[in-house]
**Q** 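Pasting in a structure now, in structure tokens, and then I'll have a few things to ask.
A note on names: the letters A, B, ... follow the listed sequences, proteins ahead of strands, and every chain is numbered from 1.
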Number of protein chains: 2
Amino acid sequence: MTSTEPGAAEQGARMRVDLQAVADAASVHRSTASRALNPATRHLVAAEAVARIEEAARALGYRRDDLAASLRTGRSYLIGVMVPDIVNPIFAPILQGVETALAKQGYSALVANAGNDAKRQLSVAEQLIGRRVDGLILATSAEDDPVVAMCVAQDVPAVLVNRSERASRLPSVVSDDFEGMKLAVEHLVSLGHTRIGHLAGPSHLSTGLRRRAGFEAAMKALGLDAGVIVTASAYQRGAGAMAAAELLDRHAVTAIAASNDLLALGAYRALSGMGLSCPRDISIVGHNDMPLVDMVSPPLTTIRIDPTNMGERAAALLLDWLGSPPGMEPRATQQVMRPSLVVRGSTSAPFSPPSATSWPG
Amino acid sequence: MTSTEPGAAEQGARMRVDLQAVADAASVHRSTASRALNPATRHLVAAEAVARIEEAARALGYRRDDLAASLRTGRSYLIGVMVPDIVNPIFAPILQGVETALAKQGYSALVANAGNDAKRQLSVAEQLIGRRVDGLILATSAEDDPVVAMCVAQDVPAVLVNRSERASRLPSVVSDDFEGMKLAVEHLVSLGHTRIGHLAGPSHLSTGLRRRAGFEAAMKALGLDAGVIVTASAYQRGAGAMAAAELLDRHAVTAIAASNDLLALGAYRALSGMGLSCPRDISIVGHNDMPLVDMVSPPLTTIRIDPTNMGERAAALLLDWLGSPPGMEPRATQQVMRPSLVVRGSTSAPFSPPSATSWPG
DNA sequence: ACCGCGTTTGCAATCGATTGCTAAAATCGT
DNA sequence: ACGATTTTAGCAATCGATTGCAAACGCGGT
């Protein structure tokens with residue numbers, strides 16, 4: 001008569017403890033047990049019964065099946081989160097923010113690594129919806145995004161984070177990319193630079209577009225040539241290195257404002273490939289202040305955004321939406337967060353006098 | 001009588017298209033429609049009917065409710081993945097590997113940022129199980145892990161990744177931490193170092209423990225003093241900086257083998273705080289080769305593991321388990337992956353002759 | 001003793017898909 | 001043409017919890 005497991009049912013064949021089992025143990029009906037175990041309906045059952053039921057649940061090791069509950073209630077308490085590339089360090093803090101904000105309200109994140117291809121993104125989104133997520137957070141959206149179109153068409157609550165969308169069909173939380181680039185340009189100009197190039201991000205993404213626009217506007221406002229722009233094909237180091245090499249090859253600049261830290265790091269590589277040094281020969285400003293860029297050589301001057309907070313806000317926005325009565329949805333809240341400049345070692349006053357360098361053309 | 005939406009049902013109040021709706025449209029029974037739409041059971045229904053049903057499904061925009069299916073079949077096709085800190089760059093590639101391997105078989109990852117606290121980890125695990133995940137992948141496990149205990153006790157399929165567990169109660173996929181540290185030590189010794197310190201990771205984690213053991217064994221095998229060890233309180237830069245400062249304060253070493261890249265970067269900070277330079281005064285070897293450590297200054301010599309592949313293998317192991325008949329589970333497969341040394345700029349021959357430096361004691 | 005009112009509880013339908021079983025239909029062999 | 005198979009399709013139970021409705025109960029007032 002060794003009691004093999006504390007709290008286990010008598011019979012050897014261990015069976016699932018469902019609500020029925022708890023109800024039986026407490027001699028009440030399933031429905032009563034359900035109400036007793038749910039804080040929101042607990043007041044409907046006698047205090048004495050609640051105690052008995054809770055005790056039984058504890059003793060049996062009952063754990064409610066959220067799946068079944070979701071089916072009945074129509075809410076899964078799951079939020080689908082789509083990122084284009086989970087390895088890109090910029091997304092980790094966003095995910096963290098989203099996660100903590102969701103967890104606080106009992107939601108979980110279903111993270112999907114959707115890649116950059118629109119078709120795949122669409123199918124990933126369909127998968128998520130098939131899993132009955134209550135809503136979507138998209139860090140993937142392009143300027144004219146099919147996934148957004150689908151969400152709108154099918155009434156799937158969704159918010160955009162980090163990247164927004166031309167038509168603003170959904171709420172979004174983004175950094176003020178225009179302003180951020182202005183900070184970068186003004187910083188460089190204040191150091192004495194006048195010939196500044198822009199390493200632009202992909203033009204189908206709002207960040208690429210807005211930052212480029214910010215660059216052009218800031219340069220023009222200061223009476224400088226805003227024409228030195230090369231666009232990288234993707235937000236990746238390799239693409240940044242190629243674009244930077246092209247830019248340096250064709251234009252005599254003393255500084256580069258990059259659309260993104262990864263592009264800036266790519267520019268580092270291009271520089272060293274050409275035997276140039278940063279910031280002696282060329283100053284570089286990045287964008288995002290992603291983890292570890294303070295440790296690279298030279299430490300990267302960049303525009304700081306607060307991705308964790310961005311993620312939190314996006315999640316909060318979505319939860320608001322889910323909590324608001326039909327018809328009252330916050331369709332088009334566009335939250336724009338203020339970026340800031342963080343000066344490190346990759347920028348300095350131009351070293352060589354503008355006319356002293358030699359270049360073709 | 002404007003037909004507002006193509007393919008939408010006639011009535012204005014748009015209702016969910018469920019299997020019943022499709023069945024009605026194709027004039028068959030629910031069950032027939034279910035079978036026709038499921039590749040595994042499609043052969044049970046006449047080809048002509050399949051066509052009709054598929055057409056109806058397409059026209060109505062039917063999407064199957066995985067939630068309901070899961071309830072009935074008992075499989076959610078969801079795998080819970082627990083990481084201690086999603087912002088730690090080492091985990092992103094692991095997640096990526098897990099994700100792609102899972103996706104290949106129609107599974108999705110439910111990623112949870114569980115923190116370092118055992119109690120919270122336990123509650124997060126309970127949450128995941130409550131969501132009826134089919135299994136768990138744990139990147140969090142300590143040497144004696146309560147979550148592991150729970151999984152074993154409750155028969156929840158789970159595999160460990162990156163960190164293993166003393167008792168090997170579950171399958172795991174880890175790097176050969178012992179061997180990795182041996183590579184690091186041998187590299188330093190081959191450069192001429194003899195007084196080498198170890199920046200150890202937390203001793204409740206297998207990585208901290210095994211790497212430390214590897215350090216000690218390698219040093220002893222080479223007839224060197226294996227006693228210079230300081231343990232960091234966590235795998236974080238700050239903790240690494242503090243531990244490194246203490247180590248350098250108390251011992252005259254010419255090189256440090258760190259248990260982890262983050263600790264190595266912390267050591268960088270400690271060095272510069274003491275006015276020392278790497279590798280001139282002190283050589284440093286990291287561990288993991290996480291993203292961007294090739295760009296820091298100096299570029300970090302480190303031990304490369306293949307976290308993406310690790311994640312893929314862990315996922316594959318779990319899926320094998322789930323697919324194998326009861327009683328045939330691969331309870332204790334321990335996969336150990338071979339690490340490799342990647343030499344960069346943070347290590348060099350000791351600069352100053354061992355006896356020339358001055359230190360107290 | 002009866003009525004009315006408020007509190008507890010039970011009943012049974014429901015969410016949407018899957019599947020064992022069985023009946024009907026189609027096919028085949030002789 | 002008839003019985004034996006093999007396909008194909010329908011029926012109904014099932015997964016586990018939630019919830020509208022109504023019955024039962026307790027209590028105080030008259």
Side-chain angles (χ1 to χ4, degrees), chain A residues 14-54 56-57 60-78 106 129-134, chain B residues 9 14-54 56-57 60-78 106 127 129-134:
Chain A
R14 165 170 34 185
M15 42 180 299
R16 231 198 102 63
V17 304
D18 57 2
L19 203 44
Q20 186 65 67
V22 176
D24 289 350
S27 337
V28 293
H29 193 263
R30 278 209 311 290
S31 57
T32 306
S34 170
R35 286 189 266 255
L37 262 18
N38 181 342
T41 50
R42 199 189 319 274
H43 66 278
L44 291 173
V45 10
E48 183 270 333
V50 170
R52 216 169 60 244
I53 293 165
E54 279 182 333
L60 294 174
Y62 170 72
R63 190 152 43 212
R64 142 198 148 130
D65 187 329
D66 290 305
L67 213 61
S70 292
L71 177 59
R72 174 63 226 247
T73 61
R75 318 206 80 190
S76 65
Y77 292 93
L78 280 176
I129 295 174
R131 296 235 191 240
R132 307 239 88 182
V133 295
D134 290 339
Chain B
R14 163 170 36 182
M15 42 178 298
R16 233 199 99 66
V17 305
D18 57 2
L19 203 44
Q20 186 65 66
V22 175
D24 289 351
S27 342
V28 293
H29 193 264
R30 278 210 311 290
S31 57
T32 307
S34 170
R35 286 190 265 255
L37 261 18
N38 180 343
T41 49
R42 180 162 319 170
H43 65 278
L44 292 173
V45 10
E48 182 269 336
V50 170
R52 214 167 64 243
I53 292 166
E54 279 183 332
L60 294 174
Y62 170 73
R63 190 154 41 215
R64 138 198 153 134
D65 187 328
D66 289 306
L67 213 61
S70 292
L71 176 60
R72 173 62 227 243
T73 61
R75 318 206 80 190
S76 65
Y77 290 93
L78 237 40
Q127 284 237 347
I129 295 174
R131 296 233 190 243
R132 308 241 89 183
V133 295
D134 290 339

**Q** Only counting residues at least two apart or in another chain, list the ones meeting ring pair (Phe, Tyr, Trp, His ring centres under 6.0 Å) with A/Tyr62.
**A** none
**Q** Under the rule for side chain to side chain donor-acceptor pair (under 3.5 Å), what residues qualify as partners of B/Arg63, not counting sequence neighbours?
**A** A/Glu126, A/Gln154
**Q** With sequence neighbours left out, what residues match A/Ala23 under side-chain contact (heavy atoms from CB on, under 4.5 Å)?
**A** A/Gln20, A/Val28, A/Ala33
**Q** B/Leu67 CG to D/dG16 P: how many Å, rounded?
**A** 14 Å
**Q** Atom CG of B/Leu44 and atom C1' of D/dG10: how far apart are they, to the nearest Å?
**A** 13 Å
**Q** Salt bridge (charged side-chain N to carboxylate O under 4.0 Å, His left out): which pairs involve residues 42-51 of chain A, sequence neighbours left out?
**A** A/Arg42-A/Glu54, A/Glu48-A/Arg52
**Q** Can you name the side chain to side chain donor-acceptor pair (under 3.5 Å) partners of A/Asp18, sequence neighbours left out?
**A** none
**Q** If a protein heavy atom is under 4.0 Å from the base, mark B; if only from the sugar-phosphate, S; if neither, -; do that for nucleotides 17-26 of chain D going 5' to 3'.
**A** BBBB------
**Q** About how many Å separate OG of B/Ser76 and CG of A/Asp65, when rounded to the nearest 0.5 Å?
**A** 10.0 Å
**Q** Where each pair must be Watson-Crick or G-U wobble with both distances under 3.5 Å, what dot-bracket representation of DNA chain C is obtained, with crossing pairs in [ ] and other-strand partners as |?
**A** ||||||||||||||||||||||||||||||
**Q** Taking only residues two or more places apart in sequence or in another chain, which ones pass side-chain contact (heavy atoms from CB on, under 4.5 Å) with A/Ser31?
**A** A/His29, A/Arg35
**Q** Would you mind reading off the distance between A/Arg132 atom CZ and C/dG16 atom P, rounded to a whole angstrom?
**A** 7 Å
**Q** Test of understanding: with side chain to side chain donor-acceptor pair (under 3.5 Å), list the residues that count as partners of B/Ser70, not counting sequence neighbours.
**A** none
**Q** Heavy-atom nearest nucleotide on DNA chain D for B/His43 versus B/Leu71: which residue maps closer to 5'?
**A** B/His43
